[in-house]
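Reminder, nothing fancy here: chain letters follow the sequence lines and each chain counts from 1. Just so you know, these numbers come straight off a predicted model, no measurement behind them.
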Amino acid sequence: MTARSPKDLSSIKGTQDILPKIVWKWQKAEETAKKIFELYGYKEIRTPVFEATELFEKGTGETSDIVIKEMYTFTDKAGRSLTLRPEYTPSVVRSIVENRLYLRPELMRYYFIGPMFRYDKPQKGRYRQFHQADIEVFGEKDPEVDAEIVEMARTLLSKLGIQDIDILVNSVGCQKCRPSYHKKLKQAAKTHREHLCEDCQRKINTNPLRIFDCKKDECRSAAAEFPKITEFLCPECKNHFDRFCELLDFYRIPYQVEPKLVRGLDYYTKTTFEVISSKLGAQDAILGGGRYDDMMKDFGGPDICGIGFAMGMERLVSVMPDKKDSEKFLYIVHMGEKSKKVALELAKYFRDNGVECVLEYKERKLRKQMSRADKLNAAWSLVVGEEEIKKKKYQLKDMKTGNQIEVTKQEALKRMTS
RNA sequence: GUGAGCGUAGCUCAACUGGUUAGAGCACCGGAUUGUGGAUCCGGAGGUUGGGGGUUCGAGACCCCUCGCUCACCCCA
């Protein structure tokens, strides 16, 4: 660690401070996301950061890596097992079932922005506390919704000026077609066993789909021969996927079909997709999601299908362009006690009228104060000295051009707000 | 969780095969310039060399432990 605090109380591994210098990017990302989501009819929903551990075991899936090894689980004073949410979808589903939201006439479109917690080994783009913007749609089984979600994601990213992205799509089938595909894939992998690396030989039994992921040439050429899930989809899933792709074409969205895109969450059915950026490292997904038609039913709720995605805010912010909308503020320069009082009054006046305004509290020379105004990147400076106080006219300087004029406070306000 | 690499000032980096008081640039503070910024010059402050232990006459450097960061695996956002 570069900086340790005096008592060696540093931030917890995998967590980080979001400092003022960068926070504008977060605000911009959050504001833009909310605006776009609401344009598509989504409403914000907020649920607690911790839930019963069982919720995630059931919702996220007992065989998922998240549940097996990445949850922040603790026991409260009453002996209940609680877990800091590692993802958002199960909470939303819980809330819908608990509040009977499916009995209301409103659209079941929800969005949310907040922190998530996973006990992972931190690295670039991966943290133990991280933030997601999530959206979920319930009760819409048509592929139009799948395509609309991808289209919305793309619109959002382009609004934020994010370049160099790729959209990957796939279908993982349903309970009907997936098992038979798995069987075929394992068979194919076994017959190519001798061409595969050690790692991939192990994957044959644990997670054959991951063989597609291997970067070694031998495995890649072997995997090219493997059957693809898109060839094994049942008629319903195939039709859904075909229409989904057609609609992406309709929106003129470039995409790649990636059979390897299986995602680590157990609950996905049919559509899965990811948006990746070449500017990120090994963790290159800015957002990812898919359809989960069985989750609500599995929860003991009604048989309502769902689809959504989660966007990683840290990753998003790290690929956002650096150019910041210039904020404009006034730096008031004063000299001596009397002048300081007048400066305080003027500051109050400008702030009340919507002009961001700062001034120096230390006794500093005029020259120093001007220098501070420059370093802080003030748009204007206003000099308040003996002469000015007598005349009730102050020196307003445009720091960009260096032009200075003598004005009353009303005139100054007018100049700065026009 | 596994494997590898790296931790020196706020930032970017120096310091020979172990050798005196750990240096420089940028940034910060002050002065040159008592009412006008950006440039220049001069000065100042800033470090338990991530932390702890060991080897040695002597450790920023070597060894062990620990914490953190980075990369890859795994997996995900």
Side-chain angles (χ1 to χ4, degrees), chain A residues 1-6 8-16 19 21 60 64-70 86-89 113-134 153 197-200 202-203 206-207 209-210 213-216 261-265 272 274-277 280-289 308-319 331 333-336 339 362 364-378 380-388 394-404:
Chain A
M1 197 67 223
T2 46
R4 307 287 289 193
S5 60
D8 214 354
L9 294 172
S10 50
S11 60
I12 301 303
K13 180 175 182 163
T15 70
Q16 55 181 354
L19 299 175
K21 193 169 181 185
T60 307
S64 68
D65 274 32
I66 290 176
V67 171
I68 292 168
K69 54 186 191 186
E70 294 173 7
E87 61 145 348
Y88 198 58
T89 311
I113 301 175
M116 303 289 161
F117 307 86
R118 288 184 204 171
Y119 197 88
D120 233 339
K121 185 161 174 177
Q123 59 183 68
K124 197 180 194 75
R126 196 168 75 185
Y127 307 97
R128 289 184 172 178
Q129 179 180 156
F130 62 101
H131 298 77
Q132 287 187 333
D134 288 66
C197 71
E198 219 175 292
D199 250 7
C200 288
R202 193 165 28 81
K203 289 181 199 166
T206 57
N207 198 345
L209 282 158
R210 287 278 160 204
D213 259 339
C214 191
K215 279 141 196 137
K216 295 196 178 70
L261 187 62
V262 293
R263 310 193 47 77
L265 301 168
T272 59
E274 248 175 36
V275 179
I276 60 169
S277 165
L280 293 166
Q283 269 65 49
D284 62 356
I286 300 175
L287 65 89
F309 68 71
M311 180 167 70
M313 298 299 286
E314 281 80 1
R315 293 181 190 175
L316 178 74
V317 162
S318 77
V319 297
Y331 187 102
V333 176
H334 58 84
M335 288 155 316
S339 157
K362 298 186 190 76
R364 276 184 153 136
K365 291 176 184 172
L366 173 63
R367 166 176 286 280
K368 281 292 161 195
Q369 295 188 64
M370 291 304 286
S371 176
R372 290 284 296 158
D374 182 51
K375 273 171 197 151
L376 295 174
N377 209 12
W380 308 276
S381 62
L382 189 80
V383 176
V384 182
E386 301 264 333
E387 291 301 308
E388 286 82 359
Y394 314 94
Q395 304 295 333
L396 179 69
K397 185 171 192 172
D398 183 321
M399 297 299 285
K400 278 258 150 46
T401 63
N403 295 335
Q404 184 168 295

Using atom [atom1] in both nucleotides, what's the gap between [N] and [M] to the nearest angstrom?
{"N": "B:U12", "M": "B:G7", "atom1": "P", "value": "13 Å"}
{"N": "B:G10", "M": "B:G50", "atom1": "C1'", "value": "16 Å"}
{"N": "B:U20", "M": "B:G25", "atom1": "C1'", "value": "26 Å"}
{"N": "B:C16", "M": "B:C64", "atom1": "C1'", "value": "27 Å"}
{"N": "B:U66", "M": "B:C57", "atom1": "P", "value": "28 Å"}
{"N": "B:G52", "M": "B:A15", "atom1": "C1'", "value": "25 Å"}

Tell me, please, which residues at least two apart from A:Arg128 pass salt bridge (Lys or Arg N to Asp or Glu O under 4.0 Å).
none
Please state how far atom [atom1] in [X] lies from atom [atom2] in [N], giving the value in whole angstrom units.
{"X": "A:Gln129", "N": "B:A77", "atom1": "CD", "atom2": "C1'", "result": "14 Å"}
{"X": "A:Met370", "N": "B:U33", "atom1": "CE", "atom2": "P", "result": "19 Å"}
{"X": "A:Ile276", "N": "B:C75", "atom1": "CD1", "atom2": "P", "result": "16 Å"}
{"X": "A:Lys368", "N": "B:C28", "atom1": "NZ", "atom2": "C1'", "result": "10 Å"}
{"X": "A:Leu376", "N": "B:C29", "atom1": "CG", "atom2": "P", "result": "9 Å"}
{"X": "A:Ile66", "N": "B:C75", "atom1": "CD1", "atom2": "P", "result": "12 Å"}

Pair of N/O donor and acceptor under 3.5 Å linking [N] base with [X] side chain:
{"X": "A:Lys121", "N": "B:U2", "result": "yes"}
{"X": "A:Gln123", "N": "B:C69", "result": "no"}
{"X": "A:Arg367", "N": "B:U36", "result": "no"}

Give none if B:A22 has no partner; otherwise give the nucleotide forming a Watson-Crick or G-U wobble pair with it, both distances under 3.5 Å.
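B:A22 is paired with nothing.
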Using ring-ring contact (aromatic ring centres under 6.0 Å, His included) as the criterion, list what pairs up with A:Phe309, not counting sequence neighbours.
none
At under 4.0 Å between heavy atoms, what does [X] touch on the DNA or RNA strands: base, sugar-phosphate, or nothing?
{"X": "A:Gln16", "answer": "nothing"}
{"X": "A:Gly14", "answer": "sugar-phosphate"}
{"X": "A:Gln395", "answer": "base"}
{"X": "A:Ala373", "answer": "nothing"}
{"X": "A:Phe309", "answer": "nothing"}
{"X": "A:Ile286", "answer": "sugar-phosphate"}
{"X": "A:Gln369", "answer": "nothing"}

Phosphate-side-chain proximity, A:Lys400 and B:G37, N/O vs OP1/OP2 below 4.0 Å
no
Let me spell it out: for each of A:Lys375 and A:Gly385, pick the nucleotide of RNA chain B with the closest heavy atom. Which residue's pick is nearer the 5' end?
A:Lys375
